[in-house]
There are 2 protein chains.
Amino acid sequence: MSTVQDSDMQNQSTATPLDAANIPLTERLFDALQRAIVEGEIPQGSKISEPELARQHGVSRGSLREAMARLEVRKLVERKPNLGARVVTLSYEQLIEIFQLREALEGMAARLAAQNMTEIEIEELQKLLDQHGEQIAEQHGQAYFQKQGDLDFHYRIVQGSKNKQLIELLCNDLYHLLRMYRYQFGMRSKRSQQAYEEHQYLINAISARDPEMAELLMRQHIRSSRRNVEAVFLEKL
Amino acid sequence: MSTVQDSDMQNQSTATPLDAANIPLTERLFDALQRAIVEGEIPQGSKISEPELARQHGVSRGSLREAMARLEVRKLVERKPNLGARVVTLSYEQLIEIFQLREALEGMAARLAAQNMTEIEIEELQKLLDQHGEQIAEQHGQAYFQKQGDLDFHYRIVQGSKNKQLIELLCNDLYHLLRMYRYQFGMRSKRSQQAYEEHQYLINAISARDPEMAELLMRQHIRSSRRNVEAVFLEKL
DNA sequence: TTTCACTAAAGTGTCGACACTTTAAGAAAT
DNA sequence: ATTTCTTAAAGTGTCGACACTTTAGTGAAA
């Protein structure tokens with residue numbers, strides 16, 4: 001699949017009018033690699049050979065290197081001089097650390113959301129949650145949709161904080177690492193009912209414009225989630 | 001200033017045996033550029049010409065580009081396809097956002113520090129604070145040392161959290177942005193006495209192993225600091 | 001004199017090449 | 001047969017070159 005005969009179609013044929021839409025190659029490459037790593041297509045801890053990976057994607061090493069530099073800052077790969085790059089290795093300890101980060105950051109996000117979300121945004125958030133409620137009632141919780149729904153919910157609250165730094169940090173940096181954990185260890189929740197209720201309380205607090213309460217609830221919610229993960233892990237050993 | 005005649009001393013003379021100590025060129029370049037941007041040597045908002053900057057530092061564009069890609073992820077430069085890169089422009093709004101981030105993150109750091117710092121680390125933190133106290137008493141607060149001292153103090157507490165993610169995030173990402181603000185707007189504190197006292201309370205809480213209180217105090221401390229900045233800004237207009 | 005088109009200069013995106021470092025394989029010696 | 005030395009293969013660090021895009025400058029037309 002996609003072996004050698006591609007060398008003529010991207011060089012200078014100009015026959016690629018709309019394939020790239022001006023988005024630089026490095027950027028597309030970065031996104032592709034990020035996805036591949038997050039979803040485990042490139043397994044964690046595996047060594048990355050620049051020439052090989054570049055050939056696979058049909059790009060030069062220079063472009064790939066630029067993408068790698070960015071992945072390194074995002075903590076998805078680790079590089080050691082002259083020794084090359086490896087995909088990061090996930091660990092239980094790191095996961096716990098990430099939960100602590102999330103507790104602090106999303107707690108603040110909830111606080112700010114209670115101050116800054118528009119009424120319309122709150123309404124839509126409620127609608128989203130109602131949908132989740134239905135799904136839980138019908139099928140007993142299709143893990144995937146649950147997870148996706150949970151992510152959506154948190155995502156919107158972060159957006160609602162209106163703090164650009166916070167949004168960037170959570171949605172662009174931490175988010176991907178977290179997704180990587182979700183993909184690599186199965187991490188199904190089995191507390192969707194409880195999560196649903198906690199989400200509802202949270203909306204109530206935001207709707208009442210109570211920042212203090214919103215932060216408190218969000219932090220509790222994330223702590224619960226962490227305890228669940230801890231439990232799942234312990235029973236795995 | 002620093003014009004053309006530098007082109008011979010760094011090219012390929014091999015007469016630089018111990019200057020690099022195996023640290024990749026790109027990395028040193030990244031550090032150098034980061035410093036230059038933070039300290040305002042390259043002014044905020046200014047456009048960056050890759051060929052020129054590369055020539056100034058005596059490196060190839062490829063190496064420079066790699067460093068730029070990393071600076072972009074760190075939010076110190078912004079790049080638009082085909083239009084080039086500019087140093088970020090600082091704004092009052094962004095500064096406030098950063099303070100909100102710090103409140104959340106350093107609050108958590110203080111909480112964890114109360115749990116995880118060793119007795120020895122706490123002792124040394126106390127010593128550091130005592131030094132600050134003396135400096136404040138003697139000279140009336142040499143703005144520079146004050147600032148540096150404040151940074152040191154916060155830095156150690158973050159380290160004391162023992163949360164690698166948190167440390168990375170605060171010390172490698174936010175830290176530089178914050179320093180940039182300190183350099184660019186003068187931001188002298190004029191509340192060194194109060195800050196000193198708040199620091200002391202914080203140590204007490206950590207020493208008493210009271211995470212709740214430590215987080216509370218740290219958050220209050222950072223909020224005060226933010227209010228001070230707000231005041232300074234308002235009187236500037 | 002002002003505006004618009006056209007050309008030249010500068011800049012960015014991407015590639016291939018070369019030197020040096022590390023890893024691996026194979027040969028020689030014990 | 002095992003260990004060590006030697007050498008080749010692979011990989012990384014860095015550079016210079018070229019095509020395409022944007023910007024700036026110049027001259028013609030109104």
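Just so you know, these numbers come straight off a predicted model, no measurement behind them. Protein chains get the first letters and strands the later ones, always in sequence-line order, with residue 1 at the start of each.
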Quiz item: Leu64(A) has an atom CG; how far is it from atom C1' of dT14(D), in whole Å?
Solution: 16 Å
Quiz item: Mind checking what makes side-chain hydrogen bond (donor to acceptor under 3.5 Å, both in side chains) contact with Asn82(B), not counting sequence neighbours?
Solution: none
Quiz prompt | NZ/Lys80(A): more than 12 non-hydrogen atoms of other groups inside 6.0 Å | solution = no
Quiz prompt | Test side-chain contact (heavy atoms from CB on, under 4.5 Å) applied to Thr89(A) - qualifying residues, sequence neighbours left out | solution = Gln44(A)
Quiz item: Quick one: which of dT14(D), dG11(C), dA17(D) gets closest to the side chain of Ser49(B)?
Solution: dG11(C)
Self-check item: Asp150(B) versus His132(B), side-chain donor and acceptor atoms under 3.5 Å
Solution: no
Practice problem: To the nearest Å, give me how far apart CG (Leu25(A)) and P (dT12(C)) are. | Solution: 18 Å
Quiz item: To the nearest angstrom, how far is Glu66(B) atom CD from dT12(C) atom P?
Solution: 17 Å
Quiz item: From the list dT14(D), dC15(C), dG11(D), which nucleotide is the closest neighbour of the side chain of Ser60(A)?
Solution: dC15(C)
Self-check item: Interface with DNA chain C, restricted to residues 77-85 of chain B and to heavy atoms under 4.0 Å
Solution: Pro81(B), Asn82(B), Gly84(B)
Self-check item: Pairs meeting criterion salt bridge (Lys or Arg N to Asp or Glu O under 4.0 Å) with involvement of residues 108-117 of chain B, two or more places apart
Solution: Arg111(B)-Glu212(B), Arg111(B)-Glu215(B)
Practice problem: Take the protein atom CZ of Arg86(A) and the nucleotide atom C1' of dT22(C), then report the distance between them rounded to whole Å. | Solution: 14 Å
Quiz prompt | Residue pairs fulfilling side-chain hydrogen bond (donor to acceptor under 3.5 Å, both in side chains) with at least one residue in residues 164-174 of chain B, sequence neighbours excluded | solution = Lys75(A)-Glu168(B), Arg74(B)-Asp173(B), Glu168(B)-Asn172(B)
Self-check item: Which residue lies more 5' along DNA chain C, comparing Gly62(A) with Ile48(B) via nearest heavy atoms
Solution: Ile48(B)
Quiz item: Please give, in whole Å, the distance from dT14(D) C1' to Glu27(B) CD?
Solution: 15 Å
Self-check item: From dC15(D), dT12(D), dG11(C), nucleotide with atom closest to Arg61(A) side chain
Solution: dT12(D)
Quiz item: Taking OP1 and OP2 of dT23(C), is either one under 4.0 Å from a side-chain nitrogen or oxygen of Lys47(A)?
Solution: no
Quiz item: Could you state the NE2-P distance from His57(B) to dT14(D), rounded to the nearest angstrom?
Solution: 15 Å
Self-check item: Nearest listed nucleotide, side chain of Pro51(B), among dG11(C), dT14(D), dT12(D)
Solution: dG11(C)
Quiz item: Taking atom P of dC15(D) as reference, at what distance in whole Å does atom CD of Glu50(B) sit?
Solution: 14 Å
Quiz item: Quick one: which of dT12(D), dT14(D), dC15(C) gets closest to the side chain of Pro24(B)?
Solution: dT14(D)
Exercise. With sequence neighbours left out, write down each residue that passes side-chain contact (heavy atoms from CB on, under 4.5 Å) with Val38(B), or none if nothing qualifies.
Key: Gln34(B), His176(B), Arg179(B), Met180(B), Tyr183(B)
Practice problem: Could you check how far CD of Glu72(A) sits from P of dT12(D), rounded to whole Å? | Solution: 13 Å
